[in-house]
Amino acid sequence: MAITADASLRTARADLDAAVARLRRGAPVFARLSVSERIVLAESVRAGYARIAERSVRAASVAKRLAPGTAAEGEEWIAHPFITLLHLRLWIAALRSIGRHGTTEIGGVDNTIDGRSRIKVFPSSRLDGVLFRGLHAEVHLQQGATAADRAPFYRRPDHDGKVVLVLGGGNVNSIPSLDVLTKMLNDGMVCLLKMNPVNAYLGPLLEEAFADPIRQNFLAVVYGGADEGAYLAQHDSVDEILITGSDRTYDLLVWGQPGPEREARRAENRPLLDKPITAELGNISPVFVVPGPYSQRQLAWQAENIAGGVTNNASFNCNANKMLITPRGWARRGQLLGAIAQVFDRTPVRAAYYPGAEDRYQALTAGRATLHTIGQAGPGSLPWTVLSDLNPHDASEKAFRMEPFCAILSETAVDGNSPIEFLEHAIRFANEHLWGTLSATIVVHPATLRDPGVAEALERAIVQLRYGTLGINIWGAFGFALGTPWGGHPTSTPTNIQSGNGFVHNTAMLIGVEKTVVRHPLTVFPKPLHFPSHRTVHQVGRRLVPLEETGSWLRLPPVVAAAVRG
């Protein structure tokens, strides 16, 4: 039996109203805080988060059936307290820069291949460079946007106090906190956080970590399900909404229940909810494998990079690798699929803890002739599953339109055996046939890029792909972790929301963002922490927390020592 969300935790209607009223009183106070006062507040949350780190990991491990003290537990150390503390370090540095110079610090600025601004944002410090060896991130702005326009709230405040309803995501435990911190620190707004029933167990710990903002009426944490969320979304004293979840939840809030009335409202652009909404939703994340002279070791490394983006968090990630796209005539295609299957075979199956996982799995696998299951799945778990050789021209293929949000990786092959031809066909397929606009990954050999024509084709592909984050030779989900802008590509509309609109995290406080691009070597040592074979990730994660809490280089050697043993 699958784990179900805890629907018993509900905040009474009167208490919801009281929480909104407290935040309404705190909103103008918070909007007027000085930069130094915001730094003090952020530092208090940083210290609070370090205090709850171990308890939060323990609670999540129970909920997700992860054995304590194992590498699997390391996922929670990395995806929750470490990532949250890393963002807080970057936000505090940004605020200090604002205090000194009036704006945030960024790296170099140049132009994309189509002439728009491209800003180097990561690594922003020597510590980042050590922790993420060889990794570089840049942000591409939309046409007409410039780097000089960043940190607008601190240069030209556009409100004197707003209340934002944050409908927190239930799958990754850093999501609620990072969404709250985005609205508080980037936009100067107070937040009403409604916990998702799936991870409502985390709420009391967040209340402890955020004790100072809560005491000053800058944040309130409440509980409940869809009814409470809908009530608060329509509340007269709630100014904006930030939702992390599914497009179905977004459509329910904005357009109402499915049926003729919803379609009429959509056609006439008469939303039920007419408030500013930032939405971070799902995705069928593609992985494009450009043909090239990969050695056996390099192909195995990338197979684990791809498979790790499936197995992480039992594949309950909106940015999980879901659609492998290969060249049809590529001689190494079968070898890559076999190497990925070997990684799955060495990785224990996981509890299907997120509600609805088994139903989605059945909907996508029933009647399949090309179904490959790996691992023994008992009650409440699902096997790693590969749906291979899907027809890219089949408009009825469910795997192109339905986000699995469970332990499935699909594969399709497109025409084009040369790197340039493959990129042309693969980009067209993803943009026109795959649902979602959140994140994608491109695997490309550095020797292939020594051809100027291929290098230019890659840059054009990066520009043309309609995804908010692209990972080059690394799982695109790394863009979630780095403090860079995270969100769906801005081509979405309220009537076709895809992976959402707007960007969160964004510690450099850039505006007019189109996408983040994370560039990475083809292989590195030590291996990345999302690799299923990493034996010491739980030790690394536990040691990263005090490093991020203090920023002290004295905390680095134990991290490195654990990482190289992985």
Side-chain angles (χ1 to χ4, degrees), residues 11 15-52 84-85 87-96 98-99 151-154 157-169 173-195 202-224 228-229 232-233 235-244 275-278 502 504-507 509:
T11 302
D15 292 331
L16 295 177
D17 291 336
V20 175
R22 289 195 302 274
L23 292 172
R24 177 54 62 192
R25 293 194 299 272
V29 178
F30 187 69
R32 293 193 298 267
L33 287 186
S34 67
V35 171
S36 60
E37 288 172 320
R38 293 179 193 280
I39 292 172
V40 170
L41 206 63
E43 288 282 17
S44 76
V45 176
R46 188 182 190 185
Y49 239 95
R51 287 195 298 271
I52 71 161
T84 305
L85 286 165
H87 278 74
L88 278 163
R89 169 170 61 84
L90 297 176
W91 261 310
I92 290 166
L95 290 170
R96 287 175 176 155
I98 291 171
F153 175 76
Y154 294 92
D158 60 351
H159 66 87
D160 55 7
K162 285 188 176 182
V163 176
V164 181
L165 170 64
V166 176
L167 299 175
N173 283 342
S174 58
I175 290 175
S177 296
L178 294 180
D179 286 354
V180 163
L181 289 165
T182 296
K183 300 309 290 186
M184 293 182 72
L185 299 180
N186 286 16
D187 301 330
M189 302 177 187
V190 301
C191 294
L192 177 62
L193 170 62
K194 187 194 78 64
M195 297 300 298
L202 187 67
L205 292 170
L206 296 187
E207 292 182 63
E208 181 179 338
F210 284 87
D212 279 1
I214 290 173
R215 177 178 52 81
Q216 298 178 66
N217 294 328
F218 302 154
L219 171 68
V221 180
V222 297
Y223 303 84
E228 287 75 13
L232 291 169
H235 202 290
D236 289 341
S237 291
V238 168
D239 301 301
E240 295 191 10
I241 297 162
L242 194 166
I243 174 176
T244 298
K275 296 179 181 181
I277 302 177
T278 301
V504 294
H505 307 180
N506 190 13
T507 56
M509 304 183 193

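Just the heavy atoms: all of them, side chains too, but no hydrogens, waters or symmetry mates, feed the values below. Everything quoted here is computed from the prediction, not taken from an experiment.
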Rounded distance (nearest 0.5 Å) linking atom [atom1] of [X] with atom [atom2] of [Y]:
{"X": "Ile98", "Y": "Ser36", "atom1": "CD1", "atom2": "OG", "result": "12.5 Å"}
{"X": "Ile214", "Y": "Leu206", "atom1": "CD1", "atom2": "CG", "result": "8.5 Å"}
{"X": "Leu232", "Y": "Leu16", "atom1": "CG", "atom2": "CG", "result": "5.0 Å"}
{"X": "Leu88", "Y": "Leu185", "atom1": "CG", "atom2": "CG", "result": "7.5 Å"}
{"X": "Phe210", "Y": "Leu205", "atom1": "CZ", "atom2": "CG", "result": "12.0 Å"}
{"X": "Asp187", "Y": "Leu242", "atom1": "CG", "atom2": "CG", "result": "9.0 Å"}

task: Could you label the plane-to-plane angle of the His505 and His87 rings as parallel, tilted or perpendicular, counting under 30° as parallel and over 60° as perpendicular?
output: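 The arrangement is perpendicular - the two ring planes meet at more than 60°.
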Give every donor-acceptor pair under 3.5 Å between a side-chain atom in residues 174-181 and any protein atom, sequence neighbours left out.
{"from": "Ser174", "atom 1": "OG", "to": "Ala79", "atom 2": "O", "distance (Å)": "2.7"}
{"from": "Ser177", "atom 1": "OG", "to": "Tyr49", "atom 2": "OH", "distance (Å)": "2.4"}
{"from": "Asp179", "atom 1": "OD2", "to": "Thr244", "atom 2": "OG1", "distance (Å)": "2.7"}

Please give me the minimum heavy-atom distance between [X] and [Y], naming the atom from each residue.
{"X": "Ala31", "Y": "Asp160", "value": "CB-C, 3.7 Å"}
{"X": "Leu23", "Y": "Ala220", "value": "CD2-N, 3.9 Å"}
{"X": "Gly229", "Y": "Leu167", "value": "CA-CD2, 4.1 Å"}
{"X": "Val20", "Y": "Ser237", "value": "CG1-CB, 3.4 Å"}
{"X": "Leu85", "Y": "Ala50", "value": "CD2-N, 4.4 Å"}
{"X": "Ala209", "Y": "Ile52", "value": "CB-CD1, 3.8 Å"}

Check whether any side-chain heavy atom of [X] sits under 4.5 Å from a side-chain heavy atom of [Y], and report yes or no.
{"X": "His159", "Y": "Asp239", "value": "no"}
{"X": "Lys275", "Y": "Leu165", "value": "no"}
{"X": "Asn217", "Y": "Val29", "value": "no"}
{"X": "Val222", "Y": "Glu228", "value": "no"}

task: Apply the test salt bridge (charged side-chain N to carboxylate O under 4.0 Å, His left out) to residues Asp17 and Arg24: give CA-CA distance (whole Å), side-chain angles for both, the deciding distance (0.1 Å), then the verdict.
output: CA-CA 10 Å; Asp17 291 336; Arg24 177 54 62 192; over 6 Å; no
Side chain [X], main chain [Y], donor-acceptor under 3.5 Å:
{"X": "Asn186", "Y": "Asn506", "answer": "yes"}
{"X": "Arg38", "Y": "Phe30", "answer": "yes"}
{"X": "Lys194", "Y": "Gly224", "answer": "yes"}

- request: Apply side chain to side chain contact (heavy atoms under 4.5 Å, CB included) to Asp212 and Arg215, showing your working.
  value: CA-CA 5 Å; Asp212 279 1; Arg215 177 178 52 81; 3.5 Å; yes
- request: Test Leu33 against Phe218 for side chain to side chain contact (heavy atoms under 4.5 Å, CB included), laying out the working first.
  value: CA-CA 11 Å; Leu33 287 186; Phe218 302 154; 3.9 Å; yes
Derivation of the salt bridge (charged side-chain N to carboxylate O under 4.0 Å, His left out) call for Glu240 and Lys162: CA-CA 8 Å; Glu240 295 191 10; Lys162 285 188 176 182; 3.5 Å; yes
